[in-house]
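First comes the structure, then the notes that go with it.
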Number of protein chains: 2
Amino acid sequence: MQMKSVVPVMTTETKTACSQCNLRELCLPFGLDPREVDQLDEVVGARRKIKRQQHLYRSGDGFEAIYAIRAGSFKTDVILEDGRDQVTGFQMTGEVLGLDGISTERHSCNAIALEDSEVCVIPFSRLEELSRQVESLQHQFHKIMSREIVRDHGVMMLLGSMRAEERLAAFLLNMSQRFTARGFSPSEFHLRMTRDEIGSYLGLKLETVSRAFSRFQEEGLVAVQQKHIRILDTPGLKRLLNHHAA
Amino acid sequence: MQMKSVVPVMTTETKTACSQCNLRELCLPFGLDPREVDQLDEVVGARRKIKRQQHLYRSGDGFEAIYAIRAGSFKTDVILEDGRDQVTGFQMTGEVLGLDGISTERHSCNAIALEDSEVCVIPFSRLEELSRQVESLQHQFHKIMSREIVRDHGVMMLLGSMRAEERLAAFLLNMSQRFTARGFSPSEFHLRMTRDEIGSYLGLKLETVSRAFSRFQEEGLVAVQQKHIRILDTPGLKRLLNHHAA
DNA sequence: GGAGCCCTTTGATCCACATCAATACCATTC
DNA sequence: GAATGGTATTGATGTGGATCAAAGGGCTCC
């Protein structure tokens, strides 16, 4: 490969700039002042594009960086030797992937793109270094890790104590809330994952997920057309969660 | 209350000393050099005794400190408005409680002592401050948070994809491993929690837990006498987990 | 050391979700 | 625009664990 031109060109590999990113309120830069965001920019490495169905990392891979989702979405899953697998989460823009790798210096789950996506690579040792200097960054990073723990507890509650329709209602309300936080409609959105993936996440079989969708539709709670969801009765879905006759 | 004596007395409130603590290999001081452990000692506040069944903190309480368990054990749980609850974890000596509170500055679960216990109170802002100065402490703290996330993923796998006996086998093997790490017998131990609490953690009813114990006993895998457990066939339990006919 | 209560075990029955199965639908790709 | 293969829906049947019920055992607290 030869570079004939001496004129400076914009490489496709544009340097990431947190300061320019419209996701910064959701992501690592939250709470930093402009000068601090610039410092973070120094640490954030190249962006990386991941095609649909491709792995960002795999269980067992060495851990070197965490990843902020700039575009697209992902799922994480854990696979047992006997082939059973469990989706442990779905991640959207502004959310951080890879925190599982810190503990053993190896990733303990797989991260797979649900659509063509792009992430910012944040080398972890450099992040730790900077967060020793920048208190607000340190604090925001700790909050992000803690949020992940709280989220996981919510999923444990869901898997351990809820019935199928409650699980799906909780899932839809959660998706709605996250789309809203990103400036999209709270009531109408496109799911990036299959029924099978939703089922794995919710501890249900895909048929059960499908039936629950149909039931919601019959009851006028949502309008479902494949992966396109329109929530018609948010309070109704919430009622399903709280008024449990048990 | 009056202090008549002018002679220095050992208060019951002895200052915690990580450097003297035999749990330091499991806890926050892991990987620190002696001088750094001394610095950590400065940050760790008083110890606090919690009687059996009492709360260390409650969901909704303001977050100010994390807690390292010095003696005894705890459970954490989440409670829904309708009364349903889910045990999200059991914690033993050397483990850290309270990480859930960082994200919103309020605790999002309850921490309850399973027996008379004692914790070291670690004011969080001081911990963050010190971990900005001490790289090894920063790193160990991040590992502890990450480990919690990985553990939660394991529980999600268990709740989402395993059958009752597999869940109990996984639970027993996990307990065994943690007792071992604390210098106790891998094969004989005393459970601090009830069948109901185990059930809640594993997403099962107490009757199902009891029946699974009975079945393990019939099959010669364990000897169960109430809360006293003797594991007779560790490989057998492991086989139950991996060789799933599905 | 006895009373009371919580915890545990075990049995009988029920039901929510899994499993098995068939068909329909949609998005690619050639 | 037909072929292909993954995805979704819906129905029929099966089953693991929940629920209901009762009795026994072991702590805890007087």
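Order of the sequence lines fixes the chain letters, A, B, ..., with proteins taken first and strands second; residue numbering starts at 1 for each chain.
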Nearest to the side chain of A:R163 - D:dA8, C:dA16, D:dG17?
C:dA16
Whole-Å distance separating the [atom1] atom of [X] from the [atom2] atom of [N]:
X      : N      : atom1 : atom2 : answer
A:D196 : C:dT19 : CG    : P     : 12 Å
B:L158 : D:dG17 : CG    : P     : 12 Å
B:K205 : D:dA21 : NZ    : P     : 16 Å
A:R52  : D:dG6  : CZ    : P     : 12 Å
B:D116 : D:dT28 : CG    : P     : 10 Å
A:I198 : D:dA8  : CD1   : P     : 8 Å
A:L168 : C:dA16 : CG    : C1'   : 15 Å
A:E197 : D:dG6  : CD    : P     : 14 Å

CZ (B:R182) with more than 12 external heavy atoms under 6.0 Å
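Yes - once you tally the heavy atoms of other residues, nucleotides and ligands closer than 6.0 Å, there are more than 12.
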Ring-ring centroid check B:F90 B:Y201, cutoff 6.0 Å:
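Yes, close enough.
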Parallel, tilted or perpendicular: rings of A:H107 and A:Y57 (30°, 60°):
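Rings of A:Y57 and A:H107: parallel, under 30°.
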Stretch residues 206-219 of chain B: residues that reach within less than 4.0 Å of DNA chain D through a heavy atom
B:E207, B:T208, B:R211
So which of residues 221-231 of chain A are in contact with DNA chain D, with a heavy-atom cut-off of under 4.0 Å?
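A:Q226, A:K227, in order of number.
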Regarding [X] and [Y], does a basic nitrogen lie under 4.0 Å from an acidic carboxylate oxygen?
X      : Y      : value
B:E197 : B:K75  : yes
B:E95  : B:R178 : yes
A:E115 : A:R192 : yes
A:E219 : A:R215 : yes

Counting C-beta onward and ignoring hydrogens, is there a side-chain heavy-atom pair between A:F74 and A:L114 closer than 4.5 Å?
no
Among B:I144, B:I122, B:L97, which one satisfies side-chain contact (heavy atoms from CB on, under 4.5 Å) with B:I66?
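Only match with B:I66 under side-chain contact (heavy atoms from CB on, under 4.5 Å): B:I122.
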So what does A:G199 hit on the nucleic acid, given a heavy-atom distance under 4.0 Å: a base, only sugar-phosphate, or nothing?
nothing
Taking the nucleotide of DNA chain D with the closest heavy atom to each, which residue, A:Q53 or B:E165, is nearer the 5' end?
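Counting from the 5' end, the first nearest nucleotide belongs to A:Q53.
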